[in-house]
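Step one of this worksheet: look at the structure below.
Any value given below was found using the heavy atoms of this structure, including those in side chains, with hydrogens, waters and symmetry copies removed.
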Amino acid sequence: AEALKSNQTLTTLHLGRNYIEADGAKCLAKALKINQALITLHLAGNYIEVEGVQFFAIALKTNQTLTTLDLGDNRIGNEGAE
């Protein structure tokens, strides 16, 4: 996630099925607050739950480049979708 902070060329990142969970989501979300190149981030099947989604919600308030965030097949449920 640290490399994403200084990334200026990578536009798509697939990290599906890597057991990222809440701690990993928090690190990625921090990087997204700074990153201005990433357009697509695939995080399907990473055991991300409500807490992890909340980190992304905060990061996306400042990130203006990410247009696709794939959180399919995680444990978000209705609460995380709100």
Side-chain angles (χ1 to χ4, degrees):
E2 286 297 314
L4 282 179
K5 291 180 181 179
S6 59
N7 166 59
Q8 296 179 6
T9 56
L10 184 70
T11 59
T12 301
L13 183 59
H14 291 266
L15 291 173
R17 313 235 182 285
N18 280 289
Y19 298 95
I20 289 173
E21 300 179 317
D23 288 338
K26 184 176 183 178
C27 292
L28 286 169
K30 282 184 181 181
L32 286 177
K33 287 181 181 181
I34 299 167
N35 182 284
Q36 295 182 9
L38 201 63
I39 297 170
T40 305
L41 179 57
H42 295 279
L43 296 173
N46 274 297
Y47 297 92
I48 297 171
E49 297 179 344
V50 174
E51 181 184 10
V53 171
Q54 291 171 342
F55 295 129
F56 288 117
I58 293 166
L60 292 176
K61 289 180 181 179
T62 57
N63 181 294
Q64 297 182 3
T65 55
L66 192 72
T67 59
T68 303
L69 177 58
D70 177 7
L71 292 170
D73 197 22
N74 279 289
R75 299 173 180 183
I76 297 167
N78 291 336
E79 183 182 351
E82 293 179 358

- Message: Can you tell me if D23 has over 12 outside heavy atoms packed within less than 6.0 Å of its CG?
- Response: no
- Note on the structure: Residues G52 and A25: closest non-hydrogen pair is CA-CB, 3.8 Å
- Hey, what do you get for OG1 (T12) to CG (L41), rounding to the nearest 0.5 Å? 9.5 Å
- Query: For residues 47-73, which residue pairs qualify under ring-ring contact (aromatic ring centres under 6.0 Å, His included), counting only residues two or more places apart or in two chains?
  - Reply: Y19-Y47
- Report the C-alpha separation of R17 and D73 in whole Å, then their side-chain angles, then the decisive distance to 0.1 Å, and conclude whether the side-chain contact (heavy atoms from CB on, under 4.5 Å) test is met. CA-CA 9 Å; R17 313 235 182 285; D73 197 22; 2.9 Å; yes
- Is there a path of hydrophobic side-chain contacts, each under 4.5 Å between heavy atoms of I, L, V, M, F, W or Y residues, that connects L71 with V50? no
- Note on the structure: Between L43 and I20, the two heavy atoms sitting closest are CD2-CD1, 3.6 Å
- List the atom of A1, the atom of A31, and the distance in Å for their closest heavy-atom pair. O-CB, 3.3 Å
- Query: Distance from Q54 atom CD to E79 atom CD, nearest 0.5 Å?
  - Reply: 7.0 Å
- Item | I48 reachable from L60 in the ILVMFWY side-chain graph, under 4.5 Å edges | yes
- Item | Taking every non-hydrogen atom, the tightest pair across A29 and A59 | O-CB, 3.2 Å
- Query: What closest approach, in Å, do H14 and H42 show between heavy atoms, and which atom pair accounts for it?
  - Reply: CE1-CD2, 2.9 Å
- Query: For T9 and N7, what are the C-alpha separation, side-chain angles and deciding distance, and is it a side-chain contact (heavy atoms from CB on, under 4.5 Å)?
  - Reply: CA-CA 6 Å; T9 56; N7 166 59; 3.7 Å; yes
- To the nearest 0.5 Å, what is the distance between CD1 (I58) and NZ (K30)? 11.0 Å
- State yes or no: do I76 and L15 share one hydrophobic cluster built from I, L, V, M, F, W and Y residues joined by side-chain heavy-atom distances below 4.5 Å, directly or via other members? yes
Only distances under 3.5 Å count here; give the side-chain donor-acceptor pairs of residues 32-39 to other protein atoms, sequence neighbours excluded, each with its distance to 0.1 Å.
| residue | atom | partner | partner atom | Å |
| --- | --- | --- | --- | --- |
| N35 | OD1 | A37 | N | 2.8 |
| N35 | OD1 | L38 | N | 2.7 |
| N35 | ND2 | L4 | O | 2.8 |

- Keeping to residues at least two apart or across chains, list the ring-ring contact (aromatic ring centres under 6.0 Å, His included) pairs with something in residues 60-82. none
